[in-house]
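Take a look at the structure set out below.
Residue numbers count from 1 along this sequence.
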Amino acid sequence: EQEMDAARLAVGHRSALWQLLRNWLQDFETWCQTQLGDLDAVTVTGQISQILGKVERLRVHLPSNEIVPHLTQLTSSFHRHLPLLQALCCPQLTPTHWLQIQRVPGFEAVESGTCVCDVLDLAGRVGSSRVADVCTIATLASREDRVARRLQEIDDSWAKVSLPLGVHAATAISQRVRPTPILGDLSHVFARLEDSRTLLESLLGSKGDVQLGFTLRERLQTWEAQIELMFTTLSAWQLCQTRWVYLETIFHGPEAARDMGKGVKLFDSVDKLWVKTMLRAQQDCHAVAATTRPGLLETLELCNSHLEQLLKGLDEFLETKRQAFPRFYFLSNSELLASIANAARPRTGQPHLPKCFGDLKSLQFETAAGLNDVVGLVATNGDTLSLLDPVRARGRIEVWLAGLEASMRSTLQDQLLAALRNEATMPVLQWLSAFPTQSCLVAMQISWARDIGACLSLNRLKRRDALAQFTKRFSEKLGTMVGLLQEASAESRGNWAVLTRAVTLLLHLQAVTKELVGSKVA
C-alpha cells in the first residue's frame, strides 16, 4: 500500500510538471504574439515568479527528471529579459520617450506596436548597456509622470483659491467716498503655500541624476518661483495693511494736518497706492493672479518703506504730545493715537481718559447742542464734581486736557477748603454728601493733623491734658460715625460706602493717636 501511495505521489508530481510545462508554452506563445502596447508586464512578471517557484518545489520531488532543468532554463531565459519588457511596456512612455528609445542603437524599429517575440530576439543581440539605456528612459518616463501628476495637484489646489477680502469702513475722520477693501484672514492661504512649497522641494530633490524634460523642468521652476513670489508678496501685503490701518485714522485727522504736514503728504501718496492696489485686487482676487501681478511686490515694498518712515516720525510726534501733557505716558501708542484721532469727538471718542486720571469714570458736558464744554466729572464711586471753570474741549487735545487738569485742581482745592470750613458746623451725613468723598477724607486728615499738632505744641504740663481731651473728642466722633454707619447699612448703599471709608480712616487716625500717647510724647 505504501508503494502504491508513493507511485501515486510520483505520478502526481509528473502530471503537475507536464501541466506546468504546457501552461508555460501556451503563455509564452501568447506573450510572443502580443504587441508591447497590449502587454501587461506587471502581470507577466507575477506569473513568471509563480512558475519559477513551482519549478523549484518540483525539483525537490523530481531530482533526476530532465524536464525540470529544461523548464527552469526556459523560464529563467525569459526572466532575464523582463526588465527590458517592463521598460518598453511602461504606460508612462510618451511619443517623446519612444523617439529617445529609437535613438538607442539596435532599437531603431521598436515601437509600441512591436511584438514581444521581436523584442526577445533583439534582447539577445544588443548589449546590456543598450538595455540599460532603454530602462533609464523608462525610469525617467515614470518619474516625469509622477512629477506631472503632482504638478497637476498643485494646479488644481490653487485653481479656486481666492484672497479673502473684507472692508475697512469709512470713518468720519477719513471722509472717504466709499469703504476701502482690505485683506481678510490669510492663514489658509499661507498653509496652502507651505504645502505647495514642501511638495515642490520633494519633487525638485527627487530628480537625482536623471534630467527631466524641458517642459516639465520649466513648469517646476515656474511654480517654485511663483510660490516664493506669492509668499513674499503676501507677507509684504499683510505688513503694509497693518501699518496702513494703524496710521490711517491719525493721518486723516485734523491733528496730523496741523502738526505733520510733510507726513500727511507722504501718507496721502501711500494711501493712493494702497487704495488702487486693493481695488485692483477686488476686481481679480484669484490668489495666484493677484499676488504675482507684475509690479505689485515693488509697490508694496515702496509703501512699506514710506510707512516705516512715517512710523518713526509718528513716534517723535507722540513724544511731543506726551511732553505737553505728561499723563499721556499712561497710554500706549495705539491708545494715544485713538485719543488724538478722536479729539474732535470728546463726548464719545475718549474711552482712555480714565487711564490718564485715576478714578475718573466720565466727563459731563454742557447740555446745549453743538457745545463740547466739560462742566463736570463723574468718579468711579459715583461722586460728581461740577467744575468751577468749564473747559472747552476743542483744538489740540493736549491743550484742553491740560486745561481740564488745571480746572480739576482748582475745583478740588475749592471743595477741600469748603469741606474744612463746614466740617464742624454741618451734620456728618449732610457734610459727607455735600462734598466729594476724597475731599472729605483729606479734610478729616488735615483737621486731625491740625488738632494733634496744636496739642503737641503746648508745654509738657498742658500737653497731657490736651491730648486726653482730644482723644476723648476723637473717640466720641468715631462712635458717632460708627452709629451712623450701622443705621445707614440697611437704608442707603451710597451713604454706607462713604461712611465705611470715613470710619476706616478714623480708626487709622485713632491708632496713630494711641501710639503717640503710648510713646509718652506728652
Minimum heavy-atom separation for [X] and [Y], please, with both atom names.
X: L88; Y: L36; answer: CB-CD1, 3.9 Å
X: L331; Y: S339; answer: CD1-OG, 4.0 Å
X: L297; Y: A236; answer: CD1-CB, 4.2 Å
X: D284; Y: A290; answer: O-CB, 3.5 Å
X: K355; Y: F330; answer: O-CB, 3.5 Å
X: C356; Y: R327; answer: O-NH1, 2.8 Å

Counting only heavy atoms from other residues, nucleotides and ligands, does the tally under 6.0 Å from [atom1] of [X] exceed 12?
X: E108; atom1: CD; value: yes
X: E298; atom1: CD; value: yes
X: E228; atom1: CD; value: yes
X: D195; atom1: CG; value: yes

[X] and [Y]: side chain donor to acceptor below 3.5 Å:
X: Q100; Y: R103; answer: no
X: S76; Y: H79; answer: no
X: Q241; Y: Y246; answer: no

With side chain to side chain contact (heavy atoms under 4.5 Å, CB included) as the criterion, how do L183 and L165 come out once you've worked through the C-alpha distance, each side chain's angles and the decisive distance to 0.1 Å? CA-CA 5 Å; L183 295 174; L165 297 179; 3.9 Å; yes

Can a salt bridge be assigned to the pair D145 and R149 using a cut-off of 4.0 Å between side-chain N and carboxylate O?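 The answer is yes: the pair qualifies as a salt bridge.
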
Is there a side chain to side chain contact (heavy atoms under 4.5 Å, CB included) between L336 and R322 once you walk through the steps? CA-CA 9 Å; L336 179 52; R322 289 187 170 107; 3.8 Å; yes

Taking [X] for the side chain and [Y] for the main chain, is one N or O donor matched with an acceptor at less than 3.5 Å?
X: H97; Y: T94; answer: yes
X: S196; Y: L193; answer: no
X: Q33; Y: C115; answer: no
X: S49; Y: T45; answer: yes
X: S305; Y: E301; answer: no

Got a second to check how far [X]'s [atom1] is from [Y]'s [atom2], nearest 0.5 Å?
X: Q238; Y: N304; atom1: CD; atom2: CG; answer: 11.5 Å
X: L120; Y: S77; atom1: CG; atom2: OG; answer: 8.0 Å
X: S128; Y: R80; atom1: OG; atom2: CZ; answer: 12.5 Å
X: T277; Y: L273; atom1: OG1; atom2: CG; answer: 6.0 Å
X: T299; Y: W274; atom1: OG1; atom2: CH2; answer: 12.0 Å
X: I154; Y: R192; atom1: CD1; atom2: CZ; answer: 11.5 Å

Heavy-atom check, side chain of [X] versus side chain of [Y], under 4.5 Å:
X: F28; Y: T75; value: no
X: E248; Y: H168; value: yes
X: W31; Y: D40; value: no
X: Q282; Y: L279; value: yes
X: D383; Y: L377; value: no
X: F190; Y: D185; value: no
X: L360; Y: T380; value: no
X: M230; Y: W158; value: yes

Would F328 and I397 satisfy side chain to side chain contact (heavy atoms under 4.5 Å, CB included), going step by step from the backbone distance to the final call? CA-CA 11 Å; F328 278 154; I397 186 172; 4.1 Å; yes

For D121, what residues pass the salt bridge (Lys or Arg N to Asp or Glu O under 4.0 Å) criterion, not counting sequence neighbours?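 By the salt bridge (Lys or Arg N to Asp or Glu O under 4.0 Å) rule, D121 matches R125.
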
Under the criterion side chain to side chain contact (heavy atoms under 4.5 Å, CB included), I'd like the reasoning laid out for T291 against L229: C-alpha separation, chi angles, the key distance, then a yes or no. CA-CA 8 Å; T291 55; L229 177 59; over 6 Å; no

W98 meets the side chain to side chain donor-acceptor pair (under 3.5 Å) criterion, sequence neighbours left out, with none

Before giving the answer on side chain to side chain donor-acceptor pair (under 3.5 Å), spell out for Q283 and R280 the whole-Å C-alpha distance, their side-chain angles and the decisive distance to 0.1 Å. CA-CA 5 Å; Q283 295 173 356; R280 189 165 181 179; 5.9 Å; no

Among I51, V68, I67, the one residue meeting side chain to side chain contact (heavy atoms under 4.5 Å, CB included) with L20: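 With L20 as partner, side chain to side chain contact (heavy atoms under 4.5 Å, CB included) holds for just one option, I51.
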
